[in-house]
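Notes follow the structure.
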Amino acid sequence: MKVLIVGSGGREHAIAWKVAQSPKVTKMYCAPGNAGISEFAECVPIGAMEFDKLVSFAKEKEIDLTIIGMDDPLVGGVVDAFEAEGLKVFGPRKNAAILEGSKAFSKDLMKKYNIPTAAYETFASAEDALAYLETADMPIVLKADGLALGKGVLICQTLEEAKAGVKELMEDKKFGSAGDRIVVEEFMTGREVSVLSFVDGKTIKIMTSAQDHKRAGDGDTGLNTGGMGTFSPSPFYTAEVDEFCKKYIYQATVDAMAAEGREFKGIIFFGLMLTEKGPRVLEYNARFGDPETQVVLPRMKNDIVEVFEACVDGTLDQIDLQFEDNAAVCVVLASDGYPVHYEKGFPISGLDTFKEKDGYYVFHAGTKFAEDGKTFLTNGGRVLGVTALGENLKAARANAYEATEWIQFDNKYMRHDIGKAIDEA
Ligand code: AMP
Ligand code: GLY
């Protein structure tokens, strides 16, 4: 069968790598893709938001299954555009992708269906938000309602910071219309865990757990980024936590969406915080995590194409989803200065070493080919994700850091403490 993947980051590279292992697949395309993805898929220069062009391409090439990696097209209704032309596509429709697209929607859903999350209020006017803050406890969390590249969440320690945050989101419109409404939320503390799942509208199958490292610097300092590294499984995701989430969160979310007439098919990413009072949902995403995917998929045993098809066809209950009893760590190699100012266009060496070694992977996030069509150049803030497997987390971490040394490019930057939390488990 012919497969089209929509997206261009490390997540889509990991998906493409996994799809390439399916014996069912004869040809793969990626729009727009990146230099690394071109090893598995023919990259076509169509942007993820160019729905008409994507649909025309899928019809022309007789694509059997399209997989949407990114959030923006999902929230914008790309799945509806494909379905309207009778094309098979993996991902939630627009009316279900709102689970990620609107934080106010997801909070109201959790409240209505008693899914554990932080207490909150929603505001459509800055004046009302400011009045509320005067009476609220600090610290407090402000969230832009809409998509804001993962940057629309402000943790405010003082009333002054919170007031400035309201101004930034609602008056200065730092994230555009995403800040037309904001959610003001109780501040919680605890470990964070990412849990990805496959959903077919009714059935949900949970993947193995992972943890991201969002801050740019060692010791969780510096600015928020798209993610500087991950490990899987999370040793903090115990059997007890799993049992709680199965009882109160996972199936409850799928059932709530169905009850609202918003049947969810695709990936639900549960961002959880393990608080003293038990697990709480921090956020939902309607797609694979980046760079969580880079540690979860290398541990997955199933043919992922079969799982995608089961989600679309509503037969996920017949899939026995299985993961290896091992561990994986992914260290992101970024351009120094990310996420603010950084240079790009530097040649990358050492990539071939990964081809000779089992259990080591390099997923490209921001790379492109030089004019010669073969030299890889840095082309983004996050450049590569170096993933290694190991029999346990410590071994995987040692392997991943060893592999980061194989790669060289000017201004290479990485965190040195990815997975350090493992030592406390
Ligand atoms: P979100 O995009 O909603 O996951 O938020 C981004 C990050 O902000 C999360 O990964 C947490 O580290 C933090 N965060 C979000 N909501 C809260 C909260 N209610 N309490 C404490 N930290 C939070
Ligand atoms: N790693 C967090 C995300 O994908 O949103």
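The structure displayed is predicted, hence computed values, not measured ones. Just follow the structure's listing: the first ligand is 1, and inside any ligand the first atom is 1. Positions are given from 1 along the sequence.
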Can you tell me if T367 and N379 form a side-chain donor-acceptor pair at under 3.5 Å? no
For ligand 1, which atoms have a heavy atom of K214 less than 4.0 angstrom away? 10 (O)
Hey, does D212 come in under 3.5 Å of ligand 2, counting only N/O atoms on both sides? yes
Is there at least one pair of N or O atoms, one from R11 and one from ligand 2, spaced under 3.5 Å apart? no
Does N285 approach ligand 2 within less than 4.0 angstrom via side chain, backbone, both or neither, non-hydrogen atoms only? side chain
Does K103 come within less than 4.0 angstrom of ligand 1, counting non-hydrogen atoms of the residue? yes
Pick one of side chain, backbone, both or neither for how R287 approaches ligand 2, counting any non-hydrogen atom pair under 4.0 Å. side chain
With a cut-off of 4.0 Å, which atoms of ligand 2 are near a heavy atom of E292? 1 (N), 2 (C), 4 (O)
I155 N/O to ligand 1 N/O under 3.5 Å: no
Between Y120 and K111, is there a cation-pi geometry (under 6.0 Å to ring centre, at most 45° from the normal)? yes
Presence of salt bridge, K24 and E309, under 4.0 angstrom: yes
Is there a polar contact, in the sense of an N or O pair closer than 3.5 Å, between E283 and ligand 2? no
Just to be sure I'm reading this right: ignoring hydrogens, which of T117, V184, L282, V153 gets closest to atom 8 (O) of ligand 1? Compare them by their nearest heavy atoms. V153
